[in-house]
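Contents: one structure, followed by commentary.
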Amino acid sequence: MDAERLKAAVVASVGAHRDTILSVLDELHRNPETGLREFASSALLSGILERGGFALERGVGGMETAFCARWGSGGPAIAVLAEMDALPGLGHACGHNVIAAAAVGAALSLRSCLPAELVRIAVLGTPAEELGIGKVDLIRAGLFDGIDFAMMVHPSSRRQVIKESLGLAKVRFRFLGKAAHAGAYPEDGINALDAVIQTFNGINALRQQLRQDVRVHGIITEGGVAPNIIPERAACYFYVRAAEMAELERVRERVIACARGAALATGCTLELEEEGRIIAPFRVNRTFSALYAGQLRYLGLEESTTPSGSKGSSDIGNVSQLVPTIHPHVPIGDGVRIHTEAFARAAISETGRCAALEGATAMALTAVDLALCAELRNGIRVEFQKKFT
Ligand SMILES: [Zn+2]
Ligand SMILES: [Zn+2]
(Lines give C-alpha, C1' and ligand atoms only; values in the text may rest on other atoms or scores of the structure.)
(Ligands and ions follow the chains in the order given, each with its own letter.)
Protein backbone atom coordinates (compact mmCIF):
# COMPACT_ATOMS: atom_id res chain seq x y z
CA MET A 1 0.00 0.00 0.00
CA ASP A 2 1.39 3.37 -0.98
CA ALA A 3 1.13 5.53 2.16
CA GLU A 4 1.57 8.85 0.37
CA ARG A 5 -1.14 8.10 -2.15
CA LEU A 6 -3.51 6.95 0.59
CA LYS A 7 -2.86 10.03 2.66
CA ALA A 8 -3.59 12.32 -0.28
CA ALA A 9 -6.79 10.37 -0.89
CA VAL A 10 -7.83 10.75 2.78
CA VAL A 11 -7.31 14.52 2.68
CA ALA A 12 -9.34 14.75 -0.54
CA SER A 13 -12.04 12.55 0.94
CA VAL A 14 -12.49 14.76 4.00
CA GLY A 15 -12.95 17.60 1.51
CA ALA A 16 -15.54 15.56 -0.39
CA HIS A 17 -17.44 14.91 2.86
CA ARG A 18 -17.18 18.55 3.95
CA ASP A 19 -20.91 19.30 3.67
CA THR A 20 -21.86 16.27 5.75
CA ILE A 21 -19.22 17.06 8.40
CA LEU A 22 -20.34 20.67 8.71
CA SER A 23 -24.02 19.69 8.75
CA VAL A 24 -23.28 17.60 11.87
CA LEU A 25 -21.52 20.58 13.47
CA ASP A 26 -24.44 22.91 12.63
CA GLU A 27 -27.26 20.54 13.48
CA LEU A 28 -25.93 19.58 16.94
CA HIS A 29 -25.28 23.24 17.69
CA ARG A 30 -28.78 24.23 16.59
CA ASN A 31 -30.37 21.63 18.86
CA PRO A 32 -28.09 21.20 21.89
CA GLU A 33 -29.00 18.22 24.05
CA THR A 34 -27.71 17.53 27.56
CA GLY A 35 -26.20 14.29 28.87
CA LEU A 36 -28.19 11.08 28.23
CA ARG A 37 -30.83 13.12 26.37
CA GLU A 38 -28.85 13.38 23.14
CA PHE A 39 -31.63 11.65 21.18
CA ALA A 40 -31.62 13.76 18.00
CA SER A 41 -27.81 14.09 18.02
CA SER A 42 -27.29 10.35 18.41
CA ALA A 43 -29.87 9.57 15.69
CA LEU A 44 -28.21 12.04 13.31
CA LEU A 45 -24.68 10.69 13.81
CA SER A 46 -25.61 7.01 13.73
CA GLY A 47 -27.85 7.54 10.69
CA ILE A 48 -25.05 9.21 8.71
CA LEU A 49 -22.62 6.42 9.60
CA GLU A 50 -25.15 3.71 8.74
CA ARG A 51 -25.79 5.25 5.34
CA GLY A 52 -22.02 5.54 4.96
CA GLY A 53 -21.57 1.77 5.24
CA PHE A 54 -21.04 1.24 8.96
CA ALA A 55 -22.81 -1.53 10.90
CA LEU A 56 -24.77 0.08 13.70
CA GLU A 57 -25.49 -1.04 17.21
CA ARG A 58 -27.65 1.47 19.06
CA GLY A 59 -28.39 1.84 22.77
CA VAL A 60 -25.12 0.18 23.83
CA GLY A 61 -23.78 0.22 27.42
CA GLY A 62 -27.27 0.66 28.84
CA MET A 63 -27.53 4.18 27.41
CA GLU A 64 -30.19 4.92 24.83
CA THR A 65 -28.06 7.54 23.11
CA ALA A 66 -24.80 5.55 22.98
CA PHE A 67 -23.94 3.74 19.78
CA CYS A 68 -21.21 1.76 18.11
CA ALA A 69 -20.67 1.98 14.34
CA ARG A 70 -18.25 -0.59 12.95
CA TRP A 71 -16.56 -1.06 9.62
CA GLY A 72 -13.52 -3.03 8.48
CA SER A 73 -12.44 -6.65 8.68
CA GLY A 74 -8.75 -6.82 9.62
CA GLY A 75 -5.78 -4.93 11.04
CA PRO A 76 -5.78 -2.77 14.18
CA ALA A 77 -9.07 -1.92 15.88
CA ILE A 78 -9.28 1.85 16.23
CA ALA A 79 -12.00 3.59 18.23
CA VAL A 80 -12.94 7.10 17.12
CA LEU A 81 -14.94 8.74 19.87
CA ALA A 82 -17.85 11.09 19.25
CA GLU A 83 -18.99 13.09 22.25
CA MET A 84 -22.27 14.90 21.64
CA ASP A 85 -23.68 16.34 24.87
CA ALA A 86 -24.22 20.03 25.55
CA LEU A 87 -24.38 22.06 28.78
CA PRO A 88 -27.63 23.08 30.46
CA GLY A 89 -28.42 26.68 29.57
CA LEU A 90 -25.19 27.23 27.63
CA GLY A 91 -25.67 24.95 24.61
CA HIS A 92 -22.49 23.68 22.98
CA ALA A 93 -20.21 25.71 25.26
CA CYS A 94 -17.81 22.75 25.37
CA GLY A 95 -17.96 22.35 21.58
CA HIS A 96 -18.88 18.68 21.51
CA ASN A 97 -20.57 19.38 18.17
CA VAL A 98 -17.04 19.90 16.80
CA ILE A 99 -15.93 16.57 18.31
CA ALA A 100 -18.85 14.68 16.75
CA ALA A 101 -18.34 16.33 13.36
CA ALA A 102 -14.62 15.47 13.36
CA ALA A 103 -15.31 11.84 14.33
CA VAL A 104 -17.88 11.37 11.57
CA GLY A 105 -15.56 13.03 9.05
CA ALA A 106 -12.60 10.83 9.96
CA ALA A 107 -14.73 7.69 9.81
CA LEU A 108 -16.34 8.47 6.46
CA SER A 109 -13.03 9.34 4.80
CA LEU A 110 -11.36 6.16 6.11
CA ARG A 111 -14.30 4.10 4.86
CA SER A 112 -13.91 5.72 1.44
CA CYS A 113 -10.13 5.29 1.14
CA LEU A 114 -8.86 2.26 3.07
CA PRO A 115 -9.31 -1.38 2.04
CA ALA A 116 -11.55 -3.09 4.63
CA GLU A 117 -8.97 -5.77 5.42
CA LEU A 118 -6.43 -3.19 6.69
CA VAL A 119 -8.35 -1.66 9.56
CA ARG A 120 -11.30 -2.04 11.89
CA ILE A 121 -12.92 1.28 12.76
CA ALA A 122 -15.38 1.61 15.63
CA VAL A 123 -17.03 4.99 15.96
CA LEU A 124 -18.35 5.12 19.50
CA GLY A 125 -21.09 7.62 20.28
CA THR A 126 -20.14 8.47 23.87
CA PRO A 127 -22.93 10.36 25.67
CA ALA A 128 -22.88 12.44 28.83
CA GLU A 129 -19.20 13.40 29.03
CA GLU A 130 -20.17 16.43 31.08
CA LEU A 131 -21.73 14.11 33.65
CA GLY A 132 -18.71 11.80 33.66
CA ILE A 133 -20.86 8.85 32.64
CA GLY A 134 -20.65 7.84 28.97
CA LYS A 135 -17.20 6.34 28.49
CA VAL A 136 -17.10 4.87 32.00
CA ASP A 137 -20.27 2.90 31.32
CA LEU A 138 -19.14 1.91 27.81
CA ILE A 139 -15.93 0.52 29.31
CA ARG A 140 -17.93 -1.41 31.93
CA ALA A 141 -20.17 -2.81 29.19
CA GLY A 142 -17.12 -4.09 27.28
CA LEU A 143 -17.33 -1.73 24.30
CA PHE A 144 -13.56 -1.16 24.48
CA ASP A 145 -12.72 -4.87 24.63
CA GLY A 146 -10.56 -5.70 21.65
CA ILE A 147 -9.89 -2.03 20.83
CA ASP A 148 -6.19 -1.36 20.16
CA PHE A 149 -6.15 2.44 19.94
CA ALA A 150 -8.57 5.24 20.78
CA MET A 151 -8.71 8.78 19.51
CA MET A 152 -10.82 11.92 19.64
CA VAL A 153 -10.22 15.65 19.32
CA HIS A 154 -11.54 18.39 21.59
CA PRO A 155 -12.01 22.05 20.66
CA SER A 156 -9.93 24.60 22.51
CA SER A 157 -8.34 28.04 22.19
CA ARG A 158 -5.14 26.28 21.08
CA ARG A 159 -3.80 23.58 18.81
CA GLN A 160 -2.23 21.26 21.36
CA VAL A 161 -1.54 17.57 20.84
CA ILE A 162 -0.94 16.58 24.47
CA LYS A 163 -3.47 17.82 26.99
CA GLU A 164 -3.45 16.15 30.36
CA SER A 165 -6.48 15.89 32.58
CA LEU A 166 -6.93 15.08 36.24
CA GLY A 167 -8.67 12.13 37.82
CA LEU A 168 -11.82 13.04 39.72
CA ALA A 169 -13.68 11.46 42.63
CA LYS A 170 -16.89 12.95 44.03
CA VAL A 171 -17.93 12.53 47.67
CA ARG A 172 -21.01 13.74 49.52
CA PHE A 173 -21.13 13.94 53.32
CA ARG A 174 -24.36 14.17 55.30
CA PHE A 175 -24.17 14.70 59.06
CA LEU A 176 -27.05 13.91 61.39
CA GLY A 177 -27.23 15.54 64.83
CA LYS A 178 -30.04 16.61 67.11
CA ALA A 179 -32.18 19.73 66.86
CA ALA A 180 -32.66 21.98 69.88
CA HIS A 181 -33.61 25.59 70.56
CA ALA A 182 -30.29 27.38 70.08
CA GLY A 183 -31.09 30.04 72.69
CA ALA A 184 -33.16 28.19 75.27
CA TYR A 185 -31.74 24.64 75.35
CA PRO A 186 -28.43 24.59 73.44
CA GLU A 187 -27.11 21.85 75.70
CA ASP A 188 -29.70 19.45 74.21
CA GLY A 189 -28.45 19.90 70.64
CA ILE A 190 -25.95 18.11 68.44
CA ASN A 191 -24.91 20.56 65.77
CA ALA A 192 -24.63 19.00 62.30
CA LEU A 193 -23.49 22.27 60.74
CA ASP A 194 -20.48 22.27 63.07
CA ALA A 195 -19.53 18.91 61.58
CA VAL A 196 -19.66 20.40 58.08
CA ILE A 197 -17.54 23.37 59.18
CA GLN A 198 -15.05 21.04 60.90
CA THR A 199 -14.87 19.03 57.68
CA PHE A 200 -13.94 22.15 55.72
CA ASN A 201 -11.39 23.14 58.38
CA GLY A 202 -9.83 19.68 58.39
CA ILE A 203 -9.53 19.68 54.59
CA ASN A 204 -8.14 23.22 54.61
CA ALA A 205 -5.44 22.09 57.08
CA LEU A 206 -4.72 19.12 54.82
CA ARG A 207 -4.13 21.44 51.84
CA GLN A 208 -0.68 22.43 53.07
CA GLN A 209 0.46 18.84 52.55
CA LEU A 210 -1.15 18.33 49.13
CA ARG A 211 0.81 17.98 45.91
CA GLN A 212 0.69 20.74 43.29
CA ASP A 213 -1.43 18.62 40.98
CA VAL A 214 -4.13 17.89 43.56
CA ARG A 215 -7.34 19.88 43.81
CA VAL A 216 -9.97 19.62 46.53
CA HIS A 217 -13.02 21.85 46.34
CA GLY A 218 -16.44 21.69 47.90
CA ILE A 219 -19.72 23.38 48.73
CA ILE A 220 -22.22 23.28 51.58
CA THR A 221 -25.44 21.81 50.24
CA GLU A 222 -27.45 21.86 53.45
CA GLY A 223 -26.70 24.05 56.47
CA GLY A 224 -29.70 24.31 58.75
CA VAL A 225 -33.06 26.04 58.55
CA ALA A 226 -33.03 28.89 61.07
CA PRO A 227 -30.45 30.54 63.36
CA ASN A 228 -32.51 29.71 66.45
CA ILE A 229 -32.53 25.97 65.71
CA ILE A 230 -29.37 23.93 66.17
CA PRO A 231 -29.11 22.20 62.77
CA GLU A 232 -30.11 18.55 62.94
CA ARG A 233 -28.96 17.90 59.38
CA ALA A 234 -26.18 19.44 57.32
CA ALA A 235 -24.37 18.28 54.22
CA CYS A 236 -21.48 19.12 51.95
CA TYR A 237 -20.24 17.91 48.56
CA PHE A 238 -16.57 17.66 47.54
CA TYR A 239 -14.61 17.00 44.36
CA VAL A 240 -11.12 15.54 44.72
CA ARG A 241 -8.81 15.71 41.68
CA ALA A 242 -5.30 14.39 41.09
CA ALA A 243 -2.97 13.66 38.20
CA GLU A 244 -2.32 10.07 39.28
CA MET A 245 -4.79 7.39 40.19
CA ALA A 246 -2.91 6.31 43.36
CA GLU A 247 -2.70 9.90 44.59
CA LEU A 248 -6.40 10.43 43.87
CA GLU A 249 -7.20 7.40 45.99
CA ARG A 250 -4.90 8.54 48.80
CA VAL A 251 -6.30 12.09 48.97
CA ARG A 252 -9.88 10.83 48.72
CA GLU A 253 -9.23 8.67 51.80
CA ARG A 254 -7.79 11.65 53.66
CA VAL A 255 -10.80 13.84 52.77
CA ILE A 256 -13.15 11.12 54.00
CA ALA A 257 -11.07 10.92 57.21
CA CYS A 258 -11.61 14.67 57.73
CA ALA A 259 -15.36 14.09 57.62
CA ARG A 260 -15.15 11.08 59.96
CA GLY A 261 -13.08 13.14 62.39
CA ALA A 262 -15.62 15.97 62.25
CA ALA A 263 -18.43 13.52 63.02
CA LEU A 264 -16.51 12.14 65.98
CA ALA A 265 -15.67 15.60 67.34
CA THR A 266 -19.24 16.86 67.14
CA GLY A 267 -21.08 13.69 68.08
CA CYS A 268 -22.89 13.51 64.76
CA THR A 269 -23.37 10.45 62.62
CA LEU A 270 -21.95 10.56 59.13
CA GLU A 271 -23.59 9.28 55.97
CA LEU A 272 -21.13 8.95 53.15
CA GLU A 273 -22.37 8.94 49.59
CA GLU A 274 -19.84 8.28 46.87
CA GLU A 275 -20.46 8.75 43.19
CA GLY A 276 -19.87 5.28 41.73
CA ARG A 277 -17.93 6.47 38.70
CA ILE A 278 -14.42 7.70 39.39
CA ILE A 279 -12.91 9.64 36.49
CA ALA A 280 -9.34 8.54 35.84
CA PRO A 281 -6.49 10.93 35.00
CA PHE A 282 -5.33 11.03 31.39
CA ARG A 283 -2.45 8.68 30.62
CA VAL A 284 -0.32 10.35 27.95
CA ASN A 285 1.19 8.17 25.22
CA ARG A 286 4.00 10.24 23.71
CA THR A 287 4.61 7.90 20.78
CA PHE A 288 0.96 8.00 19.74
CA SER A 289 0.86 11.78 20.29
CA ALA A 290 3.95 12.21 18.09
CA LEU A 291 2.19 10.27 15.33
CA TYR A 292 -0.70 12.77 15.40
CA ALA A 293 1.74 15.71 15.59
CA GLY A 294 3.37 14.36 12.43
CA GLN A 295 0.03 14.60 10.61
CA LEU A 296 -0.24 18.26 11.63
CA ARG A 297 3.16 18.89 10.06
CA TYR A 298 2.04 17.01 6.94
CA LEU A 299 -0.95 19.38 6.77
CA GLY A 300 1.30 22.42 7.29
CA LEU A 301 -0.21 23.18 10.71
CA GLU A 302 1.78 24.29 13.73
CA GLU A 303 1.14 23.51 17.35
CA SER A 304 0.51 26.49 19.64
CA THR A 305 3.72 27.81 21.11
CA THR A 306 2.07 28.58 24.46
CA PRO A 307 0.57 25.32 25.63
CA SER A 308 -2.06 25.57 28.32
CA GLY A 309 -1.23 23.98 31.64
CA SER A 310 -4.81 24.14 32.93
CA LYS A 311 -6.33 20.76 33.66
CA GLY A 312 -9.90 19.65 33.95
CA SER A 313 -11.23 16.12 34.16
CA SER A 314 -12.84 13.98 31.49
CA ASP A 315 -13.94 10.39 31.10
CA ILE A 316 -11.48 10.08 28.20
CA GLY A 317 -9.04 9.56 31.10
CA ASN A 318 -10.66 6.19 31.84
CA VAL A 319 -10.23 5.17 28.18
CA SER A 320 -6.57 6.25 28.24
CA GLN A 321 -5.88 3.91 31.19
CA LEU A 322 -7.23 1.00 29.17
CA VAL A 323 -5.85 1.49 25.66
CA PRO A 324 -3.34 3.91 24.10
CA THR A 325 -5.32 7.10 23.53
CA ILE A 326 -4.87 10.57 22.06
CA HIS A 327 -7.05 13.58 22.88
CA PRO A 328 -5.55 16.48 20.89
CA HIS A 329 -7.05 19.93 21.00
CA VAL A 330 -8.12 21.71 17.82
CA PRO A 331 -8.29 25.52 17.80
CA ILE A 332 -11.71 27.19 17.50
CA GLY A 333 -10.86 30.72 18.65
CA ASP A 334 -8.06 32.70 20.28
CA GLY A 335 -8.46 33.11 24.01
CA VAL A 336 -11.88 31.46 24.30
CA ARG A 337 -12.46 29.48 27.48
CA ILE A 338 -14.58 26.38 27.67
CA HIS A 339 -18.02 26.45 29.26
CA THR A 340 -18.68 30.06 28.28
CA GLU A 341 -21.07 31.67 25.79
CA ALA A 342 -18.07 32.85 23.77
CA PHE A 343 -16.94 29.23 23.41
CA ALA A 344 -20.40 28.20 22.22
CA ARG A 345 -20.24 30.92 19.55
CA ALA A 346 -16.75 29.82 18.52
CA ALA A 347 -17.99 26.23 18.14
CA ILE A 348 -20.10 27.34 15.16
CA SER A 349 -17.72 29.99 13.79
CA GLU A 350 -15.62 29.73 10.63
CA THR A 351 -12.62 28.82 12.81
CA GLY A 352 -14.74 26.18 14.54
CA ARG A 353 -15.61 24.67 11.16
CA CYS A 354 -11.94 24.60 10.16
CA ALA A 355 -11.15 22.90 13.48
CA ALA A 356 -13.68 20.13 12.82
CA LEU A 357 -12.20 19.51 9.37
CA GLU A 358 -8.67 19.61 10.81
CA GLY A 359 -9.60 17.07 13.47
CA ALA A 360 -11.26 14.79 10.94
CA THR A 361 -8.26 14.93 8.60
CA ALA A 362 -5.55 14.54 11.24
CA MET A 363 -7.34 11.61 12.91
CA ALA A 364 -7.94 9.87 9.58
CA LEU A 365 -4.26 10.32 8.61
CA THR A 366 -3.21 8.96 12.01
CA ALA A 367 -5.42 5.91 11.43
CA VAL A 368 -3.83 5.37 8.00
CA ASP A 369 -0.38 5.19 9.58
CA LEU A 370 -1.64 2.84 12.28
CA ALA A 371 -3.23 0.60 9.65
CA LEU A 372 -0.13 0.50 7.45
CA CYS A 373 2.74 0.32 9.92
CA ALA A 374 3.15 -2.51 12.44
CA GLU A 375 6.32 -0.87 13.77
CA LEU A 376 4.40 2.26 14.76
CA ARG A 377 1.71 0.19 16.42
CA ASN A 378 4.33 -1.73 18.39
CA GLY A 379 6.09 1.45 19.48
CA ILE A 380 2.85 2.80 20.93
CA ARG A 381 2.08 -0.51 22.66
CA VAL A 382 5.58 -0.77 24.14
CA GLU A 383 5.25 2.70 25.69
CA PHE A 384 1.78 1.85 26.98
CA GLN A 385 2.99 -1.38 28.63
CA LYS A 386 5.97 0.39 30.21
CA LYS A 387 3.73 2.68 32.22
CA PHE A 388 2.30 -0.30 34.03
CA THR A 389 5.67 -1.47 35.34
ZN1 LIG B 1 -17.01 20.43 29.14
ZN1 LIG C 1 -15.79 18.86 26.53
Side-chain angles (χ1 to χ4, degrees), residues 24-25 28-29 31-38 41-42 45 63 65-66 79-104 106 123-139 150-168 170 215 217 239 241 275 277-282 307-320 325-333 335-349 351-353 355-356 358-360 363:
V24 167
L25 181 130
L28 263 58
H29 199 277
N31 180 23
E33 297 172 301
T34 53
L36 301 180
R37 297 197 184 91
E38 311 96 331
S41 306
S42 173
L45 299 174
M63 292 170 285
T65 52
V80 182
L81 310 186
E83 293 178 4
M84 53 191 144
D85 59 324
L87 289 156
L90 279 173
H92 273 290
C94 208
H96 294 181
N97 62 319
V98 175
I99 299 174
V104 165
V123 184
L124 292 174
T126 62
E129 185 278 334
E130 296 293 349
L131 305 177
I133 291 175
K135 299 181 197 74
V136 180
D137 285 14
L138 289 178
I139 289 170
M151 58 170 90
M152 63 171 284
V153 292
H154 198 293
S156 160
S157 60
R158 297 169 176 81
R159 180 178 294 114
Q160 191 172 338
V161 179
I162 293 177
K163 189 76 170 73
E164 293 177 44
S165 59
L166 301 175
L168 167 63
K170 302 174 181 178
R215 299 278 187 277
H217 39 102
Y239 280 14
R241 304 188 201 240
E275 165 64 56
R277 300 175 185 87
I278 291 183
I279 300 302
F282 190 79
S308 161
S310 72
K311 292 173 188 172
S313 301
S314 169
D315 57 8
I316 190 65
N318 298 57
V319 177
S320 75
T325 301
I326 51 169
H327 183 244
H329 281 199
V330 289
I332 65 166
V336 288
R337 300 214 161 171
I338 58 167
H339 293 200
T340 62
E341 283 176 14
F343 203 89
R345 284 194 298 277
I348 193 89
S349 67
T351 316
R353 289 160 177 265
E358 171 185 327
M363 282 197 291

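Throughout, residue positions are numbered sequentially from 1 according to the sequence presented. First listed ligand is number 1; within each ligand, the first listed atom is number 1.
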Measure the shortest side-chain to side-chain distance between E129 and S314 over non-hydrogen atoms and say whether it is less than 4.5 angstrom.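 The answer is yes; the side chains approach within 4.5 Å.
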Within-4.5 Å side-chain heavy-atom neighbours: K135 and E83: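 Sidechains of E83 and K135: in contact.
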Measure from the Zn ion (ligand 1) to every N/O/S atom of E130 and report the name of the nearest one.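 That would be atom OE2.
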Pair D137 + R277, salt bridge at N-O below 4.0 Å: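 Yes, charged N to carboxylate O under 4.0 Å.
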Over all heavy atoms of both residues, which pair between M84 and G125 is shortest? Give the atoms and the distance, please.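 Heavy atoms of M84 and G125 come nearest at CE-C, 3.7 Å.
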Examine all N, O or S atoms of H96, backbone included, and report whether one is under 2.8 Å from the Zn ion (ligand 1).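 Under 2.8 Å: H96 has no N, O or S contact with the Zn ion (ligand 1).
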Quick one: angle C94 SG - the Zn ion (ligand 2) - H154 NE2, to the nearest 10°?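 The two atoms form an angle at the metal of about 100°.
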